[in-house]
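Here the structure comes first, spelled out in structure tokens, and everything after it is commentary.
Because the structure is a prediction, the values reported are computed rather than measured. All values below were derived from every heavy atom in this structure, side-chain atoms included, with hydrogens, water molecules and symmetry-related copies excluded.
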Amino acid sequence: MIKRRILKKILIIVIFIIVGVAMIYKQLFYQAKISNGNYLKLVSTFTGHSDEVWEVKFSPNDSLMVSGGIGPNTKIWSRIDGKLIYDLKHPYGTPSVDFSPDGSKVCTGSYDGKARIWDVKKGSLLSVLNGHESTLWSVVYDPSGDLIAAGGDDDKITLWNAHTGELIQEFNDAEQNIWEVVFNPTGDLLLASGSDHLIRVYEVASGNLLETLEGHTQVVLSLDFSPDGTLLASGGDDGTVKIWDTTHWKLKHTLKGENHAIHSVVFIDNERVLAGGTDKSPLGEFLEYHFGFKGMVTPIIATLWDINNEIILQTITQHSNDLNIGCDVSNDGKWLATPSADKTVKLWQILEN
């Protein structure tokens, strides 16, 4: 009887060891399938940042790019030759940036809770927008250029007059921090997502909350509208990309790739979306954060999806660390920019296929 108990304990230990080894292998040594499509071609890498890059945006005429992140300097680049045009110096980092629709200004959101408006031609500070007490994870102009919306760690969304800096409205429905605010292409709707796993849809004119979208099981980090405005993409820490019909706000597709968390989603066109985030498994991310672990396999940084068929067209492996919040596609649809924790911005040509 005693021997049987001992053998049973040994068997349980052996099973636990086998399961543990299998889990560690899958987390650290399993090579996910890489899809070598020919839809996105790496053109250049911008290497001027001293720390993680969180967001990048194209100017309206696509000749310039602005990028910001953990470091205190927001950078304006020439997209054409890669030259650094301005370093916009801040007291703290700027995880969120955006160009005004006419291209004359840049708005930056900082860790100090302030949004700042800069003159693009001179690289000079024009005004400071107040209303938040902590990090602004997202700032965005509306399509008319008359409004600026922002959201961050103080659980609220603000709406400013972009010309006067007047605080027009606050939205306080969220009980946890806001990660993304976006206007729809016509500018009549403002959407926000955050740590409460929800996406809220507001009518700009009235300030009314129209819809609350449920479906993600963890933090929703990124939102993007399709160019024609008929679809909304959302991505978050649950590792999924969800595609919503904006007519009735119904969920149409759920896309799940190899990224364990989705930090950024962006439409390439009305039928394709790029989604990316963590480059390692949760165990790998833990070991990287605490011990500098670099990984044992080729990382999948982002995935290009055919939305309607829910199939992977191409995987991106060229960054050496996570893809961060705030990828962007140029207004002419020919270029993609990706910001990364590897301190770089990469510029991709979108090829015709």
Passing option when W179 is tested against S138, S96, S195 for side chain to side chain donor-acceptor pair (under 3.5 Å) = S195
Heavy-atom donor-acceptor pair, S59 side chain to G103 backbone, under 3.5 Å | no
Sequence-distant partners of K343, side chain to side chain contact (heavy atoms under 4.5 Å, CB included), two or more places apart | none
Residue pair L40 / I350, side-chain heavy-atom distance below 4.5 Å | yes
Within the distance-only criterion (no hydrogens, no angle test), does the side chain of K156 pair as donor or acceptor with the backbone N or O of G131 below 3.5 angstrom?
-> yes
Would you indicate whether the side-chain heavy atoms of V265 and L274 approach each other to under 4.5 Å?
-> no
Can you list the steps and then say if L159 with V204 is a side-chain contact (heavy atoms from CB on, under 4.5 Å)?
-> CA-CA 9 Å; L159 200 60; V204 174; 4.3 Å; yes
Does a donor on one side chain sit under 3.5 Å from an acceptor on the other, for T108 and H90?
-> yes
Would you find a donor on one side and an acceptor on the other, under 3.5 Å apart, between the side chain of Q314 and the backbone of Y39?
-> yes
Are the charged groups of D173 and R200 less than 4.0 angstrom apart, N to O?
-> no
Between K242 and D238, does at least one N-O distance fall below 4.0 Å, as a salt bridge requires?
-> no
Taking the side chain as every heavy atom from C-beta outward, state whether W118 and S124 have any pair of such atoms under 4.5 Å apart.
-> no
Between the side chains of H216 and S234, does any donor sit under 3.5 Å from an acceptor?
-> yes
Test log, rule salt bridge (Lys or Arg N to Asp or Glu O under 4.0 Å), inputs R116 and D112 = CA-CA 11 Å; R116 293 172 172 84; D112 62 4; 2.7 Å; yes
Any chance the rings of Y202 and F171 have centres within less than 6.0 Å?
-> yes
Taking N208 for its side chain and L210 for its backbone only, find out whether a donor-acceptor pair lies under 3.5 Å.
-> no
Are the side chain of D306 and the backbone of L313 linked by a donor-acceptor contact shorter than 3.5 Å?
-> no
Verify, without hydrogens or angle tests, whether N321 (side chain) and D342 (backbone) share a donor-acceptor contact under 3.5 angstrom.
-> no
State, without any angle test, whether K256 and T240 hold a side-chain donor-acceptor pair at a distance under 3.5 Å.
-> no
Among Q318, H49, H319, side chain to side chain contact (heavy atoms under 4.5 Å, CB included) partner for T344 | H319
Could you tell me whether a side-chain N or O of S264 sits under 3.5 Å from a main-chain N or O of G276, the two making a donor and an acceptor?
-> no
Return yes if some donor-acceptor pair links the side-chain N/O of N259 with the main-chain N/O of A261 below 3.5 Å, else return no.
-> no
Do I76 and D87 touch side chain to side chain, with heavy atoms closer than 4.5 Å?
-> no
By side chain to side chain contact (heavy atoms under 4.5 Å, CB included), P299 pairs with (sequence neighbours left out) D279, I301
Closest approach of V106 to V66 (non-hydrogen atoms, all atoms of both residues) = CG1-CG2, 3.9 Å
If you count the non-hydrogen atoms of other residues, nucleotides and ligands that lie under 6.0 Å from CD in Q218, is the total more than 12?
-> yes
Note, I70 side chain near Y111 side chain (heavy atom, < 4.5 Å) = yes
Euclidean distance, I300 CD1 relative to L323 CG, rounded to 0.5 Å = 13.0 Å
Salt bridge between K57 and D98, side-chain N to carboxylate O under 4.0 Å?
-> yes
Report the C-alpha separation of V120 and L64 in whole Å, then their side-chain angles, then the decisive distance to 0.1 Å, and conclude whether the side-chain contact (heavy atoms from CB on, under 4.5 Å) test is met.
-> CA-CA 10 Å; V120 171; L64 302 176; 3.8 Å; yes
To the nearest 0.5 Å, what is the distance between CD (Q176) and CG (D154)?
-> 13.5 Å
Can you tell if the side chain of N36 reaches within under 4.5 Å of the side chain of I34, non-hydrogen atoms only?
-> yes
Do D146 and H163 meet the criterion of a side-chain donor-acceptor pair at a distance under 3.5 Å?
-> yes
Just wondering, do W77 and V56 contact through their side chains at under 4.5 Å, heavy atoms?
-> no
Do E166 and W160 pass the side-chain contact (heavy atoms from CB on, under 4.5 Å) test, and can you show the C-alpha distance, the side-chain angles, and the key distance before you say yes or no?
-> CA-CA 5 Å; E166 176 190 1; W160 290 287; over 6 Å; no
Does one side chain, of W348 or T338, offer a donor that lies under 3.5 Å from an acceptor on the other?
-> yes
Residue pair N308 / E310, side-chain heavy-atom distance below 4.5 Å | no
Hey, what do you get for CD1 (I148) to OH (Y141), rounding to the nearest 0.5 Å?
-> 4.0 Å
Any side-chain donor near an acceptor of the partner, K83 and S78, under 3.5 Å = no
Separation between NZ of K280 and CD of E258, rounded to the nearest 0.5 Å | 15.0 Å
Any donor-acceptor N or O pair under 3.5 Å, side chains D153, W137 | yes
How long is the gap from NZ on K89 to CG on L125, to the nearest 0.5 Å?
-> 13.5 Å
Any idea which heavy atoms bring S110 and Y92 closest together, and the distance?
-> OG-CB, 3.6 Å
Chi angles and distances behind the side-chain contact (heavy atoms from CB on, under 4.5 Å) call for E55, N324 | CA-CA 7 Å; E55 185 162 40; N324 277 333; over 6 Å; no
Heavy-atom donor-acceptor pair, D196 side chain to L198 backbone, under 3.5 Å | yes
Straight-line distance of D328 CG to F58 CZ, nearest 0.5 Å | 6.0 Å
Flag, side chain of S193 to backbone of L221, donor-acceptor distance under 3.5 Å = no
Audit row: T45, K346, side-chain hydrogen bond (donor to acceptor under 3.5 Å, both in side chains) steps and yes/no | CA-CA 4 Å; T45 300; K346 291 189 183 295; 3.0 Å; yes
Donor on one side chain, acceptor on other, T94 and T74, under 3.5 Å = yes
